[in-house]
Amino acid sequence: MSTDRKATELIHHPYEAPEGFASPVVGVHKASTVFFNSVADLRARRWVDKSGYTYGLHGTPTTFTLEARLATLEGAKHVILAPSGLSALTVVNMALLKAGDAVLLPDNVYYPSRDFAQHEMAGWGVSHRLYDPLDAASLRAQLQPDVKLVWLEAPGSVTLEFPDLPALIATIREAAPQAVIALDNTWGAGLAFAPFELGLDLTIHALTKYPSGGGDVLMGSIACRDDALYEKLAWTHSRLGLGVGMNDVESVLRSLPTLPLRYAAQDASCRRIAAWAQARPEVRRVLHPAVAGSPGHEHWAKLCTAAAGLVTLEMDPAIPSGKVDAFVDGLKRFRIGWSWGGPVSLAVPYRVNGLRKLPQPYEGVLVRLCIGLEATEDLIADLEAGIQKLRG
Ligand SMILES: *Cc1c(COP(=O)(O)O)cnc(C)c1O
């Protein structure tokens with residue numbers, strides 16, 4: 001057989017593996033092209049209908065499986081995957097907001113979300129306004145007829161204030177029935193509370209965090225229950241051409257079964273570290289939803305028993321920020337870097353000035369700790385050694 005005939009043979013090979021293979025692992029189905037059995041079949045399929053396959057961008061059995069598992073985790077009906085948590089946020093904004101509309105963001109929103117509103121949406125004629133997530137009256141004052149989307153985050157980024165979600169949702173439904181209610185549920189990970197039981201419309205996740213669990217994958221998801229809302233989001237997602245890599249999907253599928261165990265372990269370790277920090281004079285306040293006195297603790301306690309492994313130390317304002325930076329630089333187990341939910345503990349200092357638009361009660365430098373899977377004793381010893389040097 002000639003070499004070029006060999007190519008044809010190899011491409012159109014007749015062998016088909018036997019049916020019935022079963023193992024704990026989901027197959028990694030990669031595709032740009034997907035085959036149709038006939039022209040009629042090709043013409044009949046709809047891009048956003050998941051009863052069949054159309055093109056790799058719109059899913060393969062691998063993505064459909066992850067979407068179904070995430071829907072179960074979140075208590076949703078539909079899930080859409082995006083290449084990052086941030087792109088999941090931007091798809092929602094782009095699908096639901098048109099020129100003349102407004103979006104409301106909590107003042108403690110994940111910062112790139114506010115940045116997107118300021119630098120991209122503003123140019124498209126979409127305005128944004130901030131509300132104080134701990135004050136339903138502050139939210140109500142912003143709920144004019146132009147508001148088509150309200151974002152919630154529980155707790156907020158860095159300062160970890162936990163809002164009264166049922167009260168905020170009731171306020172929005174009453175004063176702005178036209179608005180879609182969206183929650184960035186990355187912190188809750190589908191485990192801390194049941195978001196859809198609260199009556200909101202959609203959630204997004206940075207799967208980059210706990211669901212991936214490795215600090216090595218970027219991915220996001222959008223979840224909802226309503227069919228019409230799903231179609232709207234799915235069409236925008238499709239038009240933007242946001243695909244995900246199947247090997248990355250496989251990584252998340254592989255990590256999902258251990259998500260509840262990792263979340264619980266990181267939660268327990270983080271609470272021990274929070275308790276250690278509460279006893280340190282260098283720390284003015286420990287920000288963690290499960291710590292009594294932390295902003296919104298009572299709202300967290302009504303809704304949740306679990307918490308993610310994030311804690312922020314509000315340092316004594318008398319300690320100069322350069323010294324706090326040196327404390328973080330000197331840590332051995334805690335590495336310096338963004339993100340969270342992986343095996344490695346991380347520390348990032350934040351200067352309070354400029355972090356928020358609305359007046360807020362924080363004074364000293366904030367050090368956000370993301371607790372990984374190291375032995376808690378080793379993490380406390382690391383912090384203990386570093387914090388000793390802050391005095392003197
Ligand atoms: C990390 C994060 C995101 C963005 O996720 P990426 O995958 O890094 O784009 C969005 N929201 C919250 C609350 C996050 O922590």
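In each ligand, atom 1 is the first atom listed, and ligand 1 is the first ligand listed.
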Applying side chain to side chain donor-acceptor pair (under 3.5 Å) to Thr312 and not counting sequence neighbours gives none
Rounding to 0.5 Å, atoms CZ (Arg280) and CD (Gln388) come to a distance of 5.0 Å
Sub-3.5 Å pairs, protein N or O with ligand 1 N or O:
residue: ligand 1; atom: 7 (O); partner: Gly85; partner atom: N; Å: 2.8
residue: ligand 1; atom: 7 (O); partner: Thr208; partner atom: OG1; Å: 2.5
residue: ligand 1; atom: 9 (O); partner: Gly85; partner atom: N; Å: 3.2
residue: ligand 1; atom: 9 (O); partner: Leu86; partner atom: N; Å: 2.8
residue: ligand 1; atom: 11 (N); partner: Asp184; partner atom: OD2; Å: 2.6
residue: ligand 1; atom: 15 (O); partner: Lys209; partner atom: NZ; Å: 2.5
residue: ligand 1; atom: 15 (O); partner: Trp340; partner atom: NE1; Å: 3.4

Side chain to side chain donor-acceptor pair (under 3.5 Å) filter on Tyr350, not counting sequence neighbours, yields none
Would you please classify the geometry between the His13 ring and the Tyr15 ring as parallel, tilted or perpendicular, with 30° and 60° separating the classes? perpendicular
For residues 135-142, which side-chain N or O atoms pair as donor and acceptor with protein atoms under 3.5 Å away, sequence neighbours left out?
residue: Asp135; atom: OD1; partner: Ala137; partner atom: N; Å: 3.0
residue: Asp135; atom: OD1; partner: Ser138; partner atom: N; Å: 3.4
residue: Ser138; atom: OG; partner: Asp132; partner atom: N; Å: 2.8
residue: Arg140; atom: NH2; partner: Glu174; partner atom: OE1; Å: 2.7
residue: Arg140; atom: NH2; partner: Glu174; partner atom: OE2; Å: 3.3
residue: Gln142; atom: OE1; partner: Arg129; partner atom: NE; Å: 3.1
residue: Gln142; atom: NE2; partner: Leu130; partner atom: O; Å: 3.1

For this session: Measure from the ring center of Tyr210 to the ring center of Trp187 and say whether it is less than 6.0 Å.
Result: no
